[in-house]
S.K.: 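Can you read through this structure? Questions will come right after.
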Amino acid sequence: MVHWGNSGLTDGLSLFMEGVVQFNDYVMSLSLFIFWFVVVLVVMESVKYGRGGDRDASSVFVLEFVWTLLPMILLVFMAYPSMVLLYMGDVTLDYDISVVVVGHQWYWEYFSGLVSEASYMTSLSDGGFRLLDVDNRLVLPSFEGVMFSMTSADVIHSWAVPALGIKMDCIPGRLNQVSAEILGCGVFYGQCSELCGVLHSFMPIVVEVVSLGDFMV
């Protein structure tokens with residue numbers, strides 16, 4: 001989960017989220033390079049031509065050509081990994097476990113096979129993190145494909161777990177699906193990311209990922 005003082009994204013614990021984290025670092029590095037390139041160029045131009053002076057036509061043409069070509073090349077370098085990530089986020093993986101997530105005002109309900117559990121936020125006196133812990137966590141195995149099918153029983157909710165790279169709307173009368181393979185054990189926190197009513201901030205999400213052996217016990 002995110003801690004105070006961190007300047008980057010949370011660690012990615014799914015294939016898609018790991019790609020998002022790497023893409024974010026890549027784009028930020030590229031943006032930093034562009035920023036300092038422009039700063040250095042402006043300083044050099046100010047020192048050389050700041051007190052006046054004429055340019056010949058050929059130098060102006062070359063500058064305009066480079067000034068147009070470089071952004072196009074940089075956009076290509078940004079667009080390609082972005083399109084790959086968009087494709088990864090839309091592809092349905094082969095899955096071993098199916099979980100149905102139903103949003104209610106204001107709690108979550110999880111269906112796995114014939115078993116269903118309601119997940120309510122716990123009070124601060126019960127321990128855990130304030131506004132983040134629940135009484136029934138969604139327990140999943142690591143390194144197994146999981147298909148999440150999401151819907152809502154009343155209004156639009158949004159099931160979001162940043163560390164897993166999942167944020168999917170739960171819409172009444174519609175079944176949205178997203179798949180993920182979780183790359184390690186741990187406890188991952190999320191919250192409803194859609195303004196669903198007066199108790200919108202009181203329906204957190206907790207996903208506990210365990211090894212396959214512990215999951216089968």
Side-chain angles (χ1 to χ4, degrees), residues 1-42 66-99 101 103 108 129 132 138 140-150 156-171 174-195 201 204-211:
M1 64 184 298
V2 177
H3 298 277
W4 291 110
N6 285 3
S7 58
L9 299 177
T10 60
D11 293 334
L13 267 296
S14 69
L15 292 174
F16 175 73
M17 189 58 189
E18 182 62 29
V20 170
V21 172
Q22 293 179 3
F23 178 68
N24 175 76
D25 296 340
Y26 167 74
V27 170
M28 292 303 295
S29 301
L30 202 57
S31 302
L32 194 61
F33 166 77
I34 296 170
F35 172 78
W36 284 113
F37 175 78
V38 172
V39 168
V40 170
L41 191 62
V42 169
V66 172
W67 203 249
T68 305
L69 185 63
L70 277 180
M72 293 175 60
I73 296 174
L74 290 172
L75 285 176
V76 170
F77 277 94
M78 288 185 181
Y80 177 72
S82 176
M83 296 298 292
V84 171
L85 276 176
L86 286 174
Y87 176 77
M88 285 179 59
D90 194 49
V91 170
T92 301
L93 302 174
D94 293 333
Y95 60 92
D96 306 292
I97 296 173
S98 177
V99 177
V101 180
W108 297 101
F129 295 104
L132 286 177
L138 176 60
L140 297 173
S142 59
F143 300 102
E144 297 291 328
V146 182
M147 172 63 71
F148 298 93
S149 302
M150 304 181 187
I156 298 177
H157 301 278
S158 184
W159 200 81
V161 183
L164 304 182
I166 297 176
K167 183 179 184 296
M168 182 64 69
D169 286 341
C170 304
I171 303 174
R174 180 179 297 179
L175 195 65
N176 291 331
Q177 291 185 323
V178 61
S179 58
E181 182 177 349
I182 307 172
L183 303 179
C185 300
V187 179
F188 308 106
Y189 294 89
Q191 291 177 305
C192 177
S193 297
E194 187 72 45
L195 187 58
S201 59
I205 302 160
V206 181
V207 179
E208 182 177 353
V209 182
V210 299
S211 65

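Note that the coordinates shown come from a computational prediction; the quantities given were computed from them, not determined experimentally.
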S.K.: Starting at CG of L132, measure out to CD1 of I205 and round the result to the nearest 0.5 Å.
M.R.: 10.5 Å

S.K.: List the atom of V178, the atom of M150, and the distance in Å for their closest heavy-atom pair.
M.R.: CG1-CE, 3.8 Å

S.K.: Would you give the length of the straight line joining atom CD of E194 to atom NE2 of H157, rounded to the nearest 0.5 angstrom?
M.R.: 9.5 Å

S.K.: Could you state the interatomic distance from CZ (F23) to CZ (F16), rounded to the nearest 0.5 Å?
M.R.: 10.5 Å

S.K.: Can you tell me how far apart OG (S158) and NZ (K167) are? Round to the nearest 0.5 Å.
M.R.: 3.5 Å

S.K.: For the residue pair V209 and P141, what are the closest heavy atoms and their distance?
M.R.: CG1-C, 3.9 Å

S.K.: Write down the atom of F143, the atom of L183, and the distance for their closest heavy-atom approach.
M.R.: CZ-O, 3.2 Å

S.K.: Mind checking whether P81 and Y26 have side chains closer than 4.5 Å, heavy atoms only?
M.R.: yes

S.K.: Can you name the nearest heavy-atom pair linking Q177 to M147, along with the distance?
M.R.: CB-SD, 3.8 Å

S.K.: Between L164 and S14, what is the shortest heavy-atom contact and its length?
M.R.: O-OG, 2.7 Å

S.K.: Do the non-hydrogen side-chain atoms of V146 and Y95 ever get within less than 4.5 Å of each other?
M.R.: no

S.K.: Kindly indicate whether the side chain of L138, heavy atoms from C-beta on, has any atom under 4.5 Å from the side chain of F148.
M.R.: yes

S.K.: Taking the side chain as every heavy atom from C-beta outward, state whether I182 and E144 have any pair of such atoms under 4.5 Å apart.
M.R.: no

S.K.: Calculate, to the nearest 0.5 Å, the distance between atoms CG and OG belonging to N24 and S29 respectively.
M.R.: 9.0 Å

S.K.: What closest approach, in Å, do S31 and M78 show between heavy atoms, and which atom pair accounts for it?
M.R.: OG-CE, 4.3 Å

S.K.: Would Y80 and V76 count as a side chain to side chain contact (heavy atoms under 4.5 Å, CB included) here? Give the steps.
M.R.: CA-CA 6 Å; Y80 177 72; V76 170; 5.5 Å; no

S.K.: Quick one: are W108 and C192 in side-chain contact, heavy atoms under 4.5 Å?
M.R.: yes

S.K.: Side chain to side chain contact (heavy atoms under 4.5 Å, CB included) with V207: which of L13, I166, V161, V99?
M.R.: V161

S.K.: Is there side-chain contact between V210 and S142, with at least one heavy-atom pair below 4.5 Å?
M.R.: no

S.K.: Within this structure, what is the CD-CG distance for the pair E181 and D96, rounded to the nearest 0.5 Å?
M.R.: 8.0 Å

